[in-house]
2 protein chains.
Amino acid sequence: MDFTSETVITSADKTYIQLRNDIVEGRIAAGTKLSEVELSTNYSVSRAVIREAINRLMACHLVERKANVGARVVTLSPEGLEQLYQVRESLEGMAARLAAKNMTDTEVQNLQQLLDAHFDKQVQAGESYYQEAGDVDFHYRIIQGSKNQHLISVLVNGLYHLVRMYRVQLGMAGPRVTTAFDEHLHIVKAIANRDEELAEILMRRHILYSKNNIQTKLLNHSNL
Amino acid sequence: MDFTSETVITSADKTYIQLRNDIVEGRIAAGTKLSEVELSTNYSVSRAVIREAINRLMACHLVERKANVGARVVTLSPEGLEQLYQVRESLEGMAARLAAKNMTDTEVQNLQQLLDAHFDKQVQAGESYYQEAGDVDFHYRIIQGSKNQHLISVLVNGLYHLVRMYRVQLGMAGPRVTTAFDEHLHIVKAIANRDEELAEILMRRHILYSKNNIQTKLLNHSNL
DNA sequence: CTTCTTTATATTGTCGACAAAGTTTAGCTT
DNA sequence: AAGCTAAACTTTGTCGACAATATAAAGAAG
């Protein structure tokens, strides 16, 4: 779940993470106005803490704020999804390429073991288990494997929460879960072979598929 | 200068921009500890607005903060430059491709006129004029031309200030200014021809050259 | 009755003070 | 004298109150 294993120290940290999860997982609906006083009573902290949390949420594009007016949770739209995945495809493709170059041998082995474990659970649970958590974990490790601090930050702190928001709020269970596993397998194989170019291509394609999958869901749920 | 033409409303906005410029342009040296009380007296605002400004500076990677300890201006390093330009190459290459696809004809014309104006000033001032401001303006328009909100935000609000910091603090005047103009010319031509693939390739190459140029400067200034 | 103005209300922006955590200095023990 | 402990100090984190701005409501003019 908390795939970043964030080190929480201050009250603002906690509040930020709580608020973020409540937004990503839809307990605070998209488009909702965020009242500072209301939130400060709900989360039992001062307005200063809420304001800091909101500022961080702005940084990862989960809320937007107008001066002297207030902050709103972003709204999800087909165009927003398209643009988000365009950027994601480019950046994660790059991450896969860099991972093929920079991951240590043991990191690659651990990644393979992760997939093995997922495979076991998958057959055990009737091949519908493999989804959100495992997928996020997989991508997270490759991003970290790039060893590029800016790339890691932009993806993990910047875009991924919004990606999760789209996926969670559109209900991520579907026929794609099994095929995604195979794609992961091929990506890891490319990384293990240190084939940078192939790793990037496969990752880009994997994300493109993922986007198409979500977009069809988005059309079915016509409520956007 | 203020290539984003940011709409300043609150006191925190102003303070953020001031602080950002002071950091980017080296008046606050890289690595400096940022004391909240000291800054609040220097900029004549309360600690609350300083804290908000620092939070925004964290979001664009110009300062780092440890809880209960404080914030420091980032330090510049060859590795940091390398990683920054890796990401920049990928994202701006994508921006050029999208710009070739999405810019309106009039936007493309305006871009060409911009280059013409730069060319005039360049010959007039003895071909050493073309630098920082013009370059930033050029790149800024292409980024905007991508019409991808996430891409725009990550680049303009996220990475560009740090790019500027590297360039400013290493002294950006040099033999490259003239050749860079030709590269810009070719990029615009590719965009005008709606050649997405070429636009991306040329932009990536342009940024790669730019990185190499800065890296050599960084080696000469051995003070890093 | 509609529209504009003005007043009232609610929300955000800013501030100074208190609490908590970290850092330095002084004193004690070995 | 060196190293550890504890107290004093400095800095950050949090809070409640006040000021400024925007929204909503009430009243006046047409």
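Worth knowing before you read on, the calculation uses all heavy atoms, side chains too, and leaves out hydrogens, waters and symmetry mates. Letters go in sequence order (proteins before strands), and every chain restarts at 1.
Under the 3.5 Å distance criterion, with hydrogens and angles disregarded, a donor-acceptor pair is assigned to the side chains of Glu82(A) and Gln215(A). Inspection of the Arg65(B) and Asn55(B) side chains reveals an N or O donor paired with an N or O acceptor under 3.5 Å. Inspection of the Glu6(A) and Tyr16(A) side chains reveals no N or O donor paired with an N or O acceptor under 3.5 Å.
First and last contacting nucleotides of DNA chain C toward chain A (any atom under 4.0 angstrom from a heavy atom, 5' to 3' order): dT11(C) to dT14(C).
Rounding to whole angstrom units, CZ of residue Arg47(A) and C1' of dC18(D) are separated by 11 Å. The CZ-C1' distance, from Arg65(A) to dT21(D), rounds to 14 Å in whole Å. The NZ atom of Lys33(B) sits 6 Å away from the C1' atom of dT11(D) (whole-angstrom rounding). Counting to the nearest Å, the C1' atom of dT23(D) and the NZ atom of Lys66(A) are 12 Å from each other.
With ring centers used as reference points, His139(B) lies under 6.0 Å from His184(B).
Position along DNA chain C of the nearest nucleotide to Val69(B) versus Asp13(B) favours Asp13(B) as the more 5'-ward residue. The nearest heavy atom of DNA chain D to Val45(A) and to Ala67(A) marks one nucleotide each, and the one closer to the 5' end goes with Val45(A). Place Ser44(A) and Ser35(B) on DNA chain D by their nearest nucleotides, and Ser35(B) ends up nearer the 5' end.
Taking CG of Leu62(B) as the start and CD1 of Ile23(B) as the end, the distance is 6.0 Å to the nearest 0.5 Å.
With hydrogens and angles disregarded, no donor-acceptor distance shorter than 3.5 Å links the side chain of Lys33(B) to the backbone of Arg72(B).
Using a 4.0 Å heavy-atom criterion, one finds that Leu34(A) contacts the sugar-phosphate atoms exclusively. Nucleic acid contact class of Ile9(B) (heavy atoms, under 4.0 Å, all strands): none.
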